[in-house]
There are 2 protein chains.
Amino acid sequence: MKTVDKAMGLLSHFTPTQPEIGLSELARLADLDKATTRRILKSLIKHHFIEQNQITKAYRLGSGFLHLARVREATTPITAIATQTVDWLCEITHETAHASVAGPSALITIAHKEPHRGTVVMIDPTEPLPFHATASGIAFLAFNEPDLMEAALRQQLGKYTKFTETDPDAIRQRVLKAKEDGFYLNEHGFESDVAGLAMPYFNADGSAAGAIAVAMPITRKSDELVTKVKRNVAAASARITTAIGGVLHPNVQKLIR
Amino acid sequence: MKTVDKAMGLLSHFTPTQPEIGLSELARLADLDKATTRRILKSLIKHHFIEQNQITKAYRLGSGFLHLARVREATTPITAIATQTVDWLCEITHETAHASVAGPSALITIAHKEPHRGTVVMIDPTEPLPFHATASGIAFLAFNEPDLMEAALRQQLGKYTKFTETDPDAIRQRVLKAKEDGFYLNEHGFESDVAGLAMPYFNADGSAAGAIAVAMPITRKSDELVTKVKRNVAAASARITTAIGGVLHPNVQKLIR
DNA sequence: ACCCATGGTTCATTATTATCACCATCGGCA
DNA sequence: TGCCGATGGTGATAATAATGAACCATGGGT
């Protein structure tokens, strides 16, 4: 269904940093003809998924998403559960916690919480988490179809710090390790001086639906802290997984102790 | 763009009361062929807008909406503003207040608040507000293209109470009155023994983006209360309108006094 | 053991969509 | 002033994509 793909592709170009896009620019971004872009936009407008700024003529996301997000949340209350769980995880570990779901080409943060103390890792909830450079991403890929990983590796693998791993084979190794261990510990991969420990949470079919993680300043990392965080993240994963009717993978289950 | 219309049409069949739908049933609801439905669903799944329950094989809304709703809200924070304003409106009028945005075939509640007192009107936030039977709906139609009203009147006009007006011409009269007055007062239209007073809030192009309303038990309705509510709802409309960068219609403006 | 529903797929037929060229308008700029 | 290169937007034909009847396989109900 190429037409549908194109329509969805258009939507993915709207971001918090670029919420309004003109016709020509959007056509350029999506690599479509202007006329095609316009016709798709007209359809999306009809269904309230796109709105047009009548003054600047630029297009932006519409209210339809508010509605469908509410419907989705009314039945699969991921955000609600994730918010609760992240709060709990932050409180018990005294470190920054965050949860994410699978987005089109990265993980999207759906809940985050920073503890009240001196040095903490700050999360920008609007920033997508690249699969290859974050603990969450690796943990997520580890418990999904290999196709998804390969698709992720075919993308441009951004180098966010000088330690970011961008070699596909090395990343495959990390994913393999995460699959065995049930978690992944990433250091300096996305932000300097930060260590992230992540695990997936699961769908009913056993695949990963998203990830939950704790991010700590690398200076505070110790065996004791990692052990504690690991156990609590596992408990958090179990909590979210059961809340959405998923089945926990044994490799994560065993970490709860 | 018929293909896009079909895809969007599919999405509108998912509701809080029927969050998971099987292939055959969805095809029947949307009046499409099974094969077509399946192909569209596959595309939507690829973009995370639909998920499939691997056990029951039924389809449900995906996490993509969570993401895009966040993007939309990050730039046009309607829900946040509406929540604040509704809280304020409820507190100052001591009656139930609620705000809604345009949905595919009705208004969708995005915020609501009931006061702490004996008899109050309860709002089910998941229930769509039909255009023809609610004060919000009439007020919304009054400040939009006539095409939209005609489309709304072509739908099945449900009779929710024995007082619900279902005659298209009578409804057109009500909309006309609302346009002149800047508000609409509806009694017993959607729920028995309830009076609703609603006004639209506006987009930058001057069209209605949604509605804000106060619902009170009919027994409490008095000229004084209506006058007070009218002024405060107008103020609330102004607040939301300016917050989203819209332009207030003079007929609503004049009600603030 | 049968029936009828479901989910899912295939391929010849058919309808939809892409493309390019075009127009009108706007804001800079000399 | 007039020109340039953007922009948003549109229409007719060529090229492509979507359709749907018929077809499995499966599973629950009588």
Side-chain angles (χ1 to χ4, degrees), chain A residues 1-15 17-62 75 145 147 203-207 245, chain B residues 1-15 17-62 75 145 147 203-207 245:
Chain A
M1 227 61 177
K2 293 204 173 171
T3 312
V4 179
D5 287 340
K6 285 172 195 161
M8 301 305 165
L10 283 189
L11 297 174
S12 67
H13 291 97
F14 295 90
T15 62
T17 53
Q18 193 175 26
E20 289 207 341
I21 311 180
L23 177 58
S24 296
E25 192 179 355
L26 187 54
R28 236 180 288 117
L29 286 171
D31 199 26
L32 294 174
D33 190 88
K34 258 196 321 179
T36 303
T37 307
R38 179 97 218 300
R39 269 178 281 124
I40 295 176
L41 284 171
K42 272 204 273 192
S43 276
L44 291 171
I45 287 173
K46 191 160 65 185
H47 295 270
H48 294 95
F49 289 115
I50 287 286
E51 292 171 357
Q52 186 172 24
N53 185 324
Q54 291 302 122
I55 294 144
T56 66
K57 299 288 180 185
Y59 299 89
R60 61 161 178 268
L61 294 179
T75 54
E145 300 300 318
D147 308 17
N203 288 315
D205 64 353
S207 66
Chain B
M1 227 61 177
K2 295 205 171 170
T3 312
V4 178
D5 287 340
K6 285 172 195 162
M8 300 306 164
L10 282 188
L11 296 174
S12 68
H13 291 96
F14 295 90
T15 62
T17 53
Q18 194 176 24
E20 288 208 340
I21 311 180
L23 177 58
S24 295
E25 191 179 356
L26 187 54
R28 238 182 286 116
L29 286 171
D31 199 28
L32 293 174
D33 189 89
K34 258 195 321 177
T36 302
T37 306
R38 180 96 218 300
R39 276 188 298 256
I40 296 176
L41 285 170
K42 273 203 274 191
S43 276
L44 292 171
I45 287 173
K46 191 160 64 183
H47 294 270
H48 293 95
F49 289 115
I50 287 287
E51 292 170 356
Q52 186 171 24
N53 185 322
Q54 291 301 121
I55 294 144
T56 67
K57 298 288 179 186
Y59 299 89
R60 62 162 179 266
L61 294 178
T75 56
E145 300 300 317
D147 310 15
N203 287 317
D205 63 353
S207 66

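A quick note: this is a predicted structure, and the numbers were derived from the prediction, not measured. Lettering of chains follows the sequences in order, A, B, ..., and the numbering in each one begins at 1.
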Integer-rounded Å distance: [N] [atom2] and [X] [atom1]:
| X | N | atom1 | atom2 | value |
| --- | --- | --- | --- | --- |
| B/L41 | D/dA18 | CG | P | 14 Å |
| A/L26 | D/dG9 | CG | C1' | 14 Å |
| B/R38 | D/dA18 | CZ | C1' | 16 Å |
| B/D31 | D/dT19 | CG | P | 13 Å |
| A/D5 | D/dA18 | CG | P | 8 Å |
| A/D33 | D/dA15 | CG | P | 16 Å |
| B/L23 | D/dC24 | CG | C1' | 15 Å |

- Item | First-last contacting nucleotides on DNA chain C - partner chain A, under 4.0 angstrom, heavy atom | C/dT17 to C/dC20
- Query: Using a 3.5 Å cut-off on both pairing distances, which stems of three or more Watson-Crick or G-U pairs include DNA chain D?
  - Reply: C:1-30 with D:1-30
- Could you check B/K2 against B/S24 and say which one's nearest nucleotide on DNA chain C is further toward the 5' end? B/S24
Give me the atom names and distance for the closest heavy-atom approach of [X] to [Y].
| X | Y | value |
| --- | --- | --- |
| B/Q52 | B/K57 | NE2-O, 3.0 Å |
| B/F14 | B/Y59 | CE2-O, 3.1 Å |
| B/G245 | B/A204 | O-CB, 3.5 Å |

- Query: Counting distance only, does the side-chain N/O of A/D205 pair as donor-acceptor with the main-chain N or O of A/S207 below 3.5 Å?
  - Reply: yes
- Query: Is any side-chain nitrogen or oxygen of A/Y59 closer than 4.0 Å to OP1 or OP2 of D/dT7?
  - Reply: no
- Taking only N and O in the side chain of B/K6, is any of them less than 4.0 Å away from OP1 or OP2 of D/dT19? yes
- Item | Greater than 12 external heavy atoms within 6.0 Å of A/Q54's CD | yes
- Query: Between D/dG20, D/dA18, D/dT10, which nucleotide gets closest to the side-chain atoms of A/T3?
  - Reply: D/dA18
- Item | Out of D/dA18, D/dT19, D/dT10, whichever nucleotide has its closest atom nearest the side chain of B/R39 | D/dT19
Which atom pairs, donor and acceptor, lie under 3.5 Å between side-chain atoms of residues 19-31 of chain A and protein residues at least two apart or in another chain?
from, atom 1, to, atom 2, distance (Å)
A/E20, OE1, A/N53, ND2, 3.4
A/E20, OE2, A/R60, NH1, 3.0
A/E25, OE2, A/Q18, NE2, 2.8

- DNA chain D: A/T56 or A/A35, which has the more 5' nearest nucleotide? A/T56
- For DNA chain D, whose closest nucleotide is more 5', that of A/K57 or that of A/V4? A/K57
- Query: What distance separates B/L32 CG from B/R39 CZ, expressed to the nearest 0.5 Å?
  - Reply: 10.5 Å
- Message: Please report the interatomic distance CE(A/M1) to NZ(B/K46), rounded to the nearest 0.5 Å.
- Response: 11.5 Å
